[in-house]
**Student:** 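Dumping the structure here so I can ask a few things about it.
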Amino acid sequence: MPDAAIETFENPAPGRDYEIVIRCPEFTSVCPKTGLPDFGEIRITYIPDERCLELKALKMYLIGFRNRGVFYERATNEILDALVAACRPRRMTVTGDFSVRGGMTTQVTAAYARS
């Protein structure tokens with residue numbers, strides 16, 4: 001797991017459902033099979049509850065994947081799990097939209113909804 005802590009701050013409007021969309025269009029990791037770099041975009045969409053994600057800390061967390069060998073599916077699900085644990089949102093979706101590799105693209109979507 002990347003070393004950077006995911007920081008949060010108090011939601012300024014906890015009584016209202018509103019959506020926050022965060023895009024990281026320069027996400028990078030490493031293919032665990034070939035060691036070649038992988039590029040993509042991570043999109044985070046969530047409805048906060050008591051806490052919101054702090055963007056600089058989130059950026060540092062995502063940079064932690066840069067030199068890590070990880071499959072797209074694991075990265076996307078791991079990011080969702082870490083963000084849910086950090087801010088405990090009402091709902092959250094993380095989509096990894098990965099660039100062309102070998103003539104194919106991959107998009108992985110992982111979702112969380114509080115029961």
Side-chain angles (χ1 to χ4, degrees):
M1 182 160 162
D3 293 332
I6 301 168
E7 297 176 28
T8 63
F9 61 91
E10 193 173 311
N11 181 354
R16 173 180 301 132
D17 277 356
Y18 65 98
E19 187 173 84
I20 298 171
V21 178
I22 301 167
R23 291 180 56 233
C24 176
E26 298 177 343
F27 181 82
T28 58
S29 61
V30 175
C31 174
K33 295 289 255 181
T34 65
L36 295 172
D38 284 326
F39 303 95
E41 178 177 2
I42 297 293
R43 288 187 300 275
I44 302 157
T45 304
Y46 73 106
I47 297 175
D49 192 19
E50 297 297 321
R51 310 293 299 171
C52 296
L53 296 169
E54 194 280 319
L55 295 180
K56 183 177 180 188
L58 176 60
K59 176 176 75 172
M60 299 310 291
Y61 169 77
L62 293 174
I63 286 172
F65 283 89
R66 181 161 291 163
N67 295 316
R68 235 180 107 199
V70 61
F71 288 110
Y72 301 147
E73 296 80 1
R74 181 180 182 101
T76 304
N77 280 283
E78 191 173 307
I79 292 166
L80 176 67
D81 291 344
L83 299 183
V84 166
C87 73
R88 304 194 187 284
R90 293 176 188 161
R91 286 192 302 257
M92 181 178 281
T93 302
V94 174
T95 300
D97 192 359
F98 298 95
S99 300
V100 175
R101 191 112 196 264
M104 298 178 0
T105 63
T106 301
Q107 188 175 79
V108 179
T109 300
Y112 164 84
R114 184 181 305 154
S115 305

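Heavy atoms only: backbone and side chains are in, while hydrogens, waters and symmetry mates are out.
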**Student:** Does Ile79 form a side-chain contact (heavy atoms from CB on, under 4.5 Å) with Tyr61? I'd like the steps, not just the answer.
**Tutor:** CA-CA 9 Å; Ile79 292 166; Tyr61 169 77; 4.1 Å; yes

**Student:** If we ignore hydrogens and angles and just use 3.5 Å, is the side chain of Arg114 paired with the main-chain N or O of Arg88 as donor and acceptor?
**Tutor:**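 Flag set: sc Arg114 to bb Arg88 pair under 3.5 Å.
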
**Student:** Determine, stepwise, if the pair Val21 / Arg43 fulfils side-chain contact (heavy atoms from CB on, under 4.5 Å).
**Tutor:** CA-CA 7 Å; Val21 178; Arg43 288 187 300 275; 5.6 Å; no

**Student:** To the closest 0.5 Å, what do you measure between CZ (Arg68) and CG (Asp38)?
**Tutor:**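 Here the rounded value is 12.5 Å.
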
**Student:** Take a 6.0 Å sphere around CD of Glu26 and say whether it holds more than 12 heavy atoms from other residues, nucleotides or ligands.
**Tutor:**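 Atom CD in Glu26 is not packed in, count stays at 12 or less.
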
**Student:** Under 4.5 Å between side-chain heavy atoms, counting indirect links through other Ile/Leu/Val/Met/Phe/Trp/Tyr residues: same cluster for Leu83 and Phe9 or not?
**Tutor:**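 Result: no, two separate clusters.
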
**Student:** State plainly whether one hydrophobic cluster holds both Ile22 and Met92, where clusters connect Ile, Leu, Val, Met, Phe, Trp and Tyr through side-chain heavy atoms under 4.5 angstrom apart.
**Tutor:**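 Yes.
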
**Student:** Report the residue from Asn11, Asp17, Leu53 that forms a side chain to side chain contact (heavy atoms under 4.5 Å, CB included) with Pro48.
**Tutor:**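 By the side chain to side chain contact (heavy atoms under 4.5 Å, CB included) criterion, Pro48 pairs with just one of Asn11, Asp17, Leu53: Asn11.
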
**Student:** Could you point out which residue of Val84, Thr45, Ile47 forms a side chain to side chain contact (heavy atoms under 4.5 Å, CB included) with Pro89?
**Tutor:**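 Running side chain to side chain contact (heavy atoms under 4.5 Å, CB included) over Val84, Thr45, Ile47 with Pro89 returns exactly one hit, Val84.
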
**Student:** Give a yes or no on whether the backbone of Phe39 and the side-chain of Ser99 come within a donor-acceptor separation of less than 3.5 Å.
**Tutor:**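 Yes.
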
**Student:** State which residues pass ring-ring contact (aromatic ring centres under 6.0 Å, His included) with Tyr46; sequence neighbours excluded, sorted by chain then number.
**Tutor:**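 Per chain and number, Tyr46 pairs via ring-ring contact (aromatic ring centres under 6.0 Å, His included) with no residue.
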
**Student:** Give a yes or no on whether Arg51 atom CZ has more than 12 heavy-atom contacts from other residues, nucleotides or ligands under 6.0 Å away.
**Tutor:**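 Atom CZ in Arg51 is packed in, count exceeds 12.
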
**Student:** Quick check on the hydrophobic clustering: are Val94 and Phe71 connected, directly or via other members, by side-chain heavy-atom contacts under 4.5 Å?
**Tutor:**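 No, because Val94 and Phe71 fall into different hydrophobic clusters, even though each may have its own neighbours under 4.5 Å.
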
**Student:** Check whether Tyr72 and Ile44 end up in the same hydrophobic cluster, where Ile, Leu, Val, Met, Phe, Trp and Tyr are linked by side-chain heavy atoms less than 4.5 Å apart.
**Tutor:**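 In one cluster: yes.
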
**Student:** State yes or no: do Val108 and Met104 share one hydrophobic cluster built from I, L, V, M, F, W and Y residues joined by side-chain heavy-atom distances below 4.5 Å, directly or via other members?
**Tutor:**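 Result: no, two separate clusters.
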
**Student:** Taking all atoms of both residues into account, what is the closest heavy-atom pair of Val30 and Arg66, and its distance?
**Tutor:**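 What the structure gives for the nearest pair is CG2-O, 3.5 Å.
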
**Student:** Is atom CZ of Arg74 surrounded by more than 12 heavy atoms (other residues, nucleotides or ligands) closer than 6.0 Å?
**Tutor:**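 12 or below, so no.
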
**Student:** Please check if the number of heavy atoms outside Arg101 that lie under 6.0 Å from its CZ is greater than 12.
**Tutor:**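 It does: Arg101 CZ has more than 12 such atoms within range.
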
**Student:** So, for Ser29 and Val70, which heavy atoms are closest and what is the spacing to 0.1 Å?
**Tutor:**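 In this case the closest contact between Ser29 and Val70 is CB-CG1, 3.8 Å.
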
**Student:** Give a yes or no on whether Glu19 atom CD has more than 12 heavy-atom contacts from other residues, nucleotides or ligands under 6.0 Å away.
**Tutor:**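 Correct, the count exceeds 12.
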
**Student:** Applying side chain to side chain contact (heavy atoms under 4.5 Å, CB included), name anything that partners Ala57, two or more places apart in sequence or on another chain.
**Tutor:**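 Side chain to side chain contact (heavy atoms under 4.5 Å, CB included) list for Ala57, sorted by chain: Glu7, Glu54.
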
**Student:** Parallel under 30°, tilted from 30 to 60°, perpendicular over 60°: which one fits the rings of Phe27 and Phe98?
**Tutor:**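 Rings of Phe27 and Phe98: perpendicular, over 60°.
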
**Student:** Got a salt bridge between Glu41 and Arg23, using NZ or NE/NH1/NH2 to carboxylate O under 4.0 Å?
**Tutor:**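 So Glu41 pairs with Arg23 through a salt bridge.
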
